[in-house]
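Before any comments, here is the structure.
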Amino acid sequence: MKTVILYSMEGCPHCSSLKKMLKEDNLDYHEWNVHEHEKEYQPFVDATKNEYLPALTLVEIKEGKKPEIQLLAPDLSFQDLNEATQKVKEFLL
């Protein structure tokens with residue numbers, strides 16, 4: 001099972017653009033507002049030393065194995081929203 005978590009915030013134009021791009025490509029994701037999911041978002045920030053948005057966590061769970069987790073932070077894991085969308089697409093497909 002593969003899951004994409006998109007950390008976003010209301011009023012963030014980059015977040016809105018990424019959500020639109022993911023929807024246009026029919027890529028499923030769970031949106032977590034960083035203010036509503038602060039406890040879940042803080043470990044991401046601690047691990048990446050980056051609190052810029054939008055940010056993504058990619059989780060793959062294979063039966064009998066530990067989950068594989070990728071943290072995608074702006075300027076660290078991707079340089080623009082097209083690259084972020086491509087990484088999500090490659091992960092899901």
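One is the number of the first residue; the rest follow in order along the sequence. Side chains included, hydrogens not; waters and symmetry mates left out as well; all remaining heavy atoms used.
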Check residues 81-93 and write down every donor-acceptor pair under 3.5 Å in which the side-chain atom is one partner and the other belongs to a residue at least two apart or another chain.
residue, atom, partner, partner atom, Å
Glu83, OE1, Gln79, N, 2.8
Thr85, OG1, Leu81, O, 2.9
Gln86, NE2, Glu90, OE2, 3.1
Lys87, NZ, Ser77, O, 3.2
Lys89, NZ, Asp25, OD2, 3.4

Checklist line | Residue pair Pro74 / Pro54: nearest heavy atoms and the distance that separates them | finding: CG-O, 2.9 Å
Next item on the list: Taking all heavy atoms of Ala55 and all of Tyr52, pick out the closest pair and write down the distance.
Entry: CB-O, 3.9 Å
Item checked: Side-chain heavy atoms of Leu18 within contact of Leu6, under 4.5 Å -> yes
Notebook entry, point to check: Got a sec: does the NZ of Lys2 have more than 12 other heavy atoms crowding it under 6.0 Å?
Noted result: yes
Next item on the list: Could you check if a side-chain atom of Thr3 sits within less than 4.5 angstrom of a side-chain atom of His30, using non-hydrogen atoms only?
Entry: yes
Next item on the list: Look up atom CG in Leu56 and atom OG in Ser8, then write down how far apart they are to the nearest 0.5 Å.
Entry: 10.0 Å
Notebook entry, point to check: What distance do Met21 atom CE and Ser16 atom OG have between them, rounded to the nearest 0.5 Å?
Noted result: 12.5 Å
Notebook entry, point to check: Hey, what do you get for SG (Cys15) to NZ (Lys20), rounding to the nearest 0.5 Å?
Noted result: 15.0 Å
Check: If you count the non-hydrogen atoms of other residues, nucleotides and ligands that lie under 6.0 Å from CD in Glu31, is the total more than 12?
Finding: yes
Note to self: Which residues end up grouped with Leu76 if you chain together Ile, Leu, Val, Met, Phe, Trp and Tyr wherever their side-chain heavy atoms are less than 4.5 Å apart?
What the structure shows: none
Next item on the list: Output the distance between atom CD (Gln42) and atom NZ (Lys39), rounded to the nearest 0.5 Å.
Entry: 12.0 Å
Check: Does a side-chain heavy-atom distance below 4.5 Å link Gln70 with Glu60?
Finding: no
Next item on the list: Determine whether Leu72 and Thr57 make a side-chain contact, defined as any pair of heavy atoms from C-beta on separated by less than 4.5 Å.
Entry: no
Margin query: So which atom in Gly11 and which in Pro13 form the shortest heavy-atom distance, rounded to 0.1 Å?
Written below: O-CD, 3.2 Å
Note to self: Please check if the number of heavy atoms outside His14 that lie under 6.0 Å from its NE2 is greater than 12.
What the structure shows: no
Next item on the list: Hydrophobic side-chain clustering at under 4.5 Å (ILVMFWY, transitive links): who's grouped with Ile5? Put none if nobody.
Entry: Met1, Tyr7, Met9, Trp32, Val34, Tyr41, Phe44, Val45, Leu53, Val59, Ile61, Ile69, Leu71
